[in-house]
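Okay, structure first, notes after.
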Amino acid sequence: MSAILKREFSSYFTSPLGYVFLAVFYGFSGLFLWMNCLSVGSAEMGGVFVMMFFVILLLIPILTMRTMADDKRQKTDQLTLTSPVSLFGLVMGKFLAAFLVFVCAVAVMLLYALFIASAVDGTGARFAWATFWGNFVGMILMGGVFISAGIFISNLTENQMIAAIGGIGANIVLCLFDIINNFVNIEFLKNIISALSVFYRYYEFTMGIFSLKNVLFFVSLIVIFNFLTMRFIERRRWS
């Protein structure tokens with residue numbers, strides 16, 4: 001797994017993809033920081049995270065579109081499938097590589113928080129660290145879900161563009177449960193849809209509410225998508 005992780009992580013920066021992803025993330029996060037905090041003199045970063053949620057929904061599928069699709073297009077997946085690499089090591093190596101790139105991007109939010117906290121320190125105001133950490137952890141978990149879903153979609157096609165569009169579609173579907181729930185009148189269906197709600201659980205993090213139940217929910221989604229990816233690869237290995 002470590003060999004795949006190193007290879008995949010370095011591949012993001014031997015091509016423009018990793019740099020473009022980081023540049024777009026930093027650009028939008030800086031813009032939203034200016035709009036929500038700097039231009040109005042506010043130390044509340046919750047609005048920045050909420051706006052960045054929709055950015056990562058569209059941006060992460062671009063990061064993951066090549067993870068599996070490119071190997072299938074170049075037929076290098078045949079070498080991987082016949083090598084002694086475990087399916088777990090293959091999928092987790094690719095997942096962790098994309099996840100580390102994403103964490104490098106999200107880390108800039110911590111720099112913003114330290115800057116704002118130092119700026120308000122002498123004014124008598126206090127920076128809301130509890131809310132910040134809720135947003136920070138929530139975004140990392142949400143990013144992990146989007147990455148695992150994107151890798152799963154990338155495994156279904158050899159066309160990177162289709163993988164990117166499919167990943168965006170999958171992310172949107174994950175977030176639609178909250179809207180669908182408003183139009184369902186059957187109680188037990190409402191409970192099921194509510195239990196699958198992604199955005200609502202993320203929104204709780206933005207309020208600074210840490211819940212082990214929500215953390216386990218996001219981790220479970222990551223495990224499920226990675227498991228499905230492994231099963232599809234295994235089926236292709238023996239077909």
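Counting heavy atoms from C-beta on, the side chains of R126 and V120 never come closer than 4.5 Å. L90 has its side chain within reach of I233: a pair of non-hydrogen atoms, C-beta onward, lies under 4.5 Å apart. Taking the side chain as every heavy atom from C-beta outward, F53 and F146 approach each other to under 4.5 Å. Using a 4.5 Å heavy-atom threshold, the side chains of V55 and F32 count as touching.
Looking at residues two or more places apart in sequence or on another chain, you find no ring pair (Phe, Tyr, Trp, His ring centres under 6.0 Å) involving Y112.
Contact between M65 and Q160 at its shortest, heavy atoms only, is CB-O, 3.4 Å. Nearest heavy atom pair, residue I222 against residue L141, reads CD1-O, 4.2 Å. The two residues I4 and G89 have their closest heavy-atom pair at CD1-O, 4.0 Å. Nearest heavy-atom pair across L228 and F152 is CB-CE1, 3.7 Å. Nearest heavy-atom pair across N171 and P61 is ND2-CG, 3.4 Å.
How far CE of M139 is from OG of S29: 9.0 Å, rounded to the nearest 0.5 Å. Distance CG/L59 to CG/L22: 9.0 Å, rounded to 0.5 Å.
I162 and L57 are assigned to two separate hydrophobic clusters, defined by single-linkage of ILVMFWY side chains at heavy-atom distances under 4.5 Å.
A distance-only check finds a donor-acceptor pair linking the side chain of S39 to the backbone of W34 [under 3.5 Å].
Residues in residues 87-103 take part in these salt bridge (Lys or Arg N to Asp or Glu O under 4.0 Å) pairs, two or more places apart or across chains: E8-K94, D71-K94. Annotation: salt bridge (Lys or Arg N to Asp or Glu O under 4.0 Å) contacts involving residues 212-231, sequence neighbours excluded, comprise R231-E234.
You'll find the ring centres of F49 and F205 outside the 6.0 Å limit.
Side-chain N/O atoms of N214 and E204 include a donor and acceptor closer than 3.5 Å.
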